[in-house]
Each structure stands twice: as C-alpha cells, then as structure tokens.
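Reckoned from all heavy atoms, side chains included, excluding hydrogens, waters and symmetry mates. Atoms within a ligand are numbered from 1 in the order they appear, just like the ligands themselves.
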Amino acid sequence: MQEVVLETRGLVKAFGAFRAVDGVDLRVEQGELRSIIGPNGAGKTTLFNCVSSTLRPTAGQVLYRGRDITGLPLHRIAHLGIGRAFQITNIFPSLTALENVRLAAQALGGDNLKMWIPAASLRRYVDQALKALGTVGLAARAGLPAAALSHGDKRKLELAIILVGDPRLLLLDEPAAGMATEQVPELMRTIADIRSSGDKTILLVEHNMNVVMSISDRITVMHQGRILAEGSPAEIKANEAAQSAYLGTG
Ligand SMILES: Nc1ncnc2c1ncn2[C@@H]1O[C@H](COP(=O)(O)OP(=O)(O)O)[C@@H](O)[C@H]1O
Ligand SMILES: [Mg+2]
C-alpha cells in the first residue's frame, strides 16, 4: 500500500451552530488524484480551507505524511509542500505572468520582502517561474501583464503559481471555474500530466462530471459536510445515494 499523504480525522468546522464540515475522515494516498464532489454548500471549500490552514478546524485533526499539521500557520503549510489554489483567483493584474510566478517562487525561497536579491537567486527564481509557465502552456505569454490574459489563461497562471513551489500535495478548488468549455479538457490534461510526471498527489474539486470520471483515481462525495460515498469512478457512477445527492434529487 502507498503512503498516506493526507489524512483528516473527525474533522469539524462549525460556523456558529452550523457545521460546514461535520466529521470528515479522509485518507489520500501518495500519487493519487482524488476528486471531491458534491452539491454547492457541501463543505468542499471549507474542507480545503481546514487542510491548508486557511481556517482553523473546530475539532479533529489534519495529518500530512503522518504528521499533525492542524492549525499550523499558512506559510509553514506551503513550506511542507502543500500547494493551494483558491476558488477565487489571486494574481497581480499589472505584473506580467512571469513576474507573478517569480514572486511566488521568491516568497517560498524566503526572499519575498527583500529589496535586493543576489543575481544568482533571481536567475534561479526566473528559471523556476519559466519552467512552471511551460508546464501549464503559458511560456509564450510569460511577458504579458496578467490583466491581458484570457480568463482561461489566468487559471493556468494560478496553477503555475502553485507549481513553482514544487508542492507534493496540490489542492485545486475548481481550477476550471469560469473557463470556456472548450478550454477545460486542456487544463485537465495538464493536471493529469502534473500528477503522472512526478511524485505529486492531487486533491481536486471539480463540477464537470465527465472530467471527474475520466481523470480521478478515486472520488469522495460530500453532502452536508459529511462523506456520503467514496470509491473509484465506476463505483461512484453506480452509487445511487451519490448520484441523487449530486443531482440534488436526494
Ligand atoms: N465563513 C463562513 N461563515 C459562515 N458560513 C460559511 C462560511 N464559509 C462557508 N460557510 C457555509 O458552509 C457551507 C459549506 O460551504 P463551502 O465549503 O463553501 O461549500 P462548497 O465548497 O462545497 O460549495 C455553506 O453552507 C456555506 O454557506
Ligand atoms: Mg467551494
């Protein structure tokens, strides 16, 4: 059996009396591409927020490679090798694509607040940024201001910003949100390539069922803060509870 990269134990996130995440036990193995699906409000983003320390869980634990990381500060999470993309894009519009990715590399390299960086370090950050832009297919647009990129290219840029830190675990929350339909397969191929090209584990929230069924090793279905079903794409397709919850008829 593969190493368990990410585990949550009895994870709860309450907002007042309401439990957005209500006792989630998740185990994701090394190298897996795991999709989390479920209707709007199921708690998917809140789960990601707890795993990435954007939110502090109300109860339960988050373990990364067997280590308890519950409530660790955000920057420590990134340094452990957990990369997080947000549902809402967070890029600097007036900077070029390359500068956006380079700044992310610098921040992880510990040079984010420095006015002057040694030329060799700067070169290294630029090289890392160009490589990440190449992986997502944006190399040719590296010099454009982020504001000039199409919506789909902005989502690719966001992915490059995560990749530049070379994370071992990627949390991708609706990476194709708002993209033109015809661009989605390309982004998903990129995500599948990222997984198969190295030792990366990917947790993906995605609404397009065709994409989810074709790309995932395993699927976790969430409903009202809990795990409703889990299994291979074929198992989830055949699971009536999962189907009705997702279609909103259950
Ligand atoms: N900061 C918050 N305060 C209060 N309620 C929240 C907050 N964040 C999320 N929720 C609620 O928690 C539930 C789960 O939200 P979310 O995790 O965003 O769901 P999903 O990503 O599956 O659509 C929703 O009912 C949402 O309104
Ligand atoms: Mg969400």
Chemist: Touching ligand 1 at all, Phe18? Heavy atoms, strictly under 4.0 Å?
Modeler: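 Heavy atoms of Phe18 do come under 4.0 Å of ligand 1.
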Chemist: Test your reading of the model: is there a side-chain donor-acceptor pair from Ser244 to the backbone of Ala241, 3.5 Å cut-off?
Modeler: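 The answer is yes, because a donor-acceptor pair under 3.5 Å joins these two groups.
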Chemist: What pairs of donor and acceptor atoms, side-chain ones from residues 184-193 against any protein atom, are under 3.5 angstrom apart with sequence neighbours left out?
Modeler:
{"unit_1": "Glu186", "atom_1": "OE2", "unit_2": "Lys156", "atom_2": "NZ", "d": "3.2"}
{"unit_1": "Thr190", "atom_1": "OG1", "unit_2": "Glu186", "atom_2": "O", "d": "3.0"}

Chemist: Mind checking whether Gly43 has a heavy atom under 4.0 Å from ligand 1?
Modeler: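 So Gly43 counts as touching ligand 1.
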Chemist: According to side-chain hydrogen bond (donor to acceptor under 3.5 Å, both in side chains), does anything in residues 120-140 pair up with another residue at least two apart or in another chain? List the pairs.
Modeler: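 Applying side-chain hydrogen bond (donor to acceptor under 3.5 Å, both in side chains) to every pair that reaches into residues 120-140, excluding sequence neighbours, yields Asp111-Tyr125, Arg123-Asp127.
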Chemist: Judging by distance only, is a nitrogen or oxygen of Ala20 under 3.5 angstrom from one on ligand 1?
Modeler: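 Min N/O separation from ligand 1 is not below 3.5 Å for Ala20.
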Chemist: Determine, considering heavy atoms only, which of Ile36, Ile37, Thr45 sits nearest to atom 18 (O) of ligand 1.
Modeler: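 Going through Ile36, Ile37, Thr45 one by one, Thr45 has the nearest heavy atom to atom 18 (O) of ligand 1.
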Chemist: Counting from 1, what ligand 1 atoms have a heavy atom of Asn40 closer than 4.0 Å?
Modeler: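 This gives 23 (O) as the contact atoms.
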Chemist: Yes or no on side chain to side chain contact (heavy atoms under 4.5 Å, CB included) for Leu171 and Ile82, after CA distance, side-chain angles and deciding distance?
Modeler: CA-CA 8 Å; Leu171 306 175; Ile82 302 177; 4.0 Å; yes
Chemist: Any N/O of Gly41 closer than 3.5 Å to an N/O of ligand 1?
Modeler: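 Indeed, backbone or side chain, Gly41 has an N or O that close.
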Chemist: Before accepting this row, confirm whether a basic side-chain N of the pair Arg226/Asp22 lies closer than 4.0 Å to the acidic partner's carboxylate O.
Modeler: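 Answer for the salt bridge query: yes.
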Chemist: Can you tell me if an N/O/S atom from Thr46 lies under 2.8 Å from the Mg ion (ligand 2)?
Modeler: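 Of the N, O and S atoms in Thr46, none lies under 2.8 Å from the Mg ion (ligand 2), which means no.
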Chemist: Given 3.5 Å as the limit, does a donor-acceptor pair link the side chain of Glu3 with the main chain of Val5, or not?
Modeler: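 Absent.
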Chemist: If I apply the N/O under 3.5 Å rule, does Phe15 come out as touching ligand 1?
Modeler: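 In fact, backbone or side chain, Phe15 has no N or O that close.
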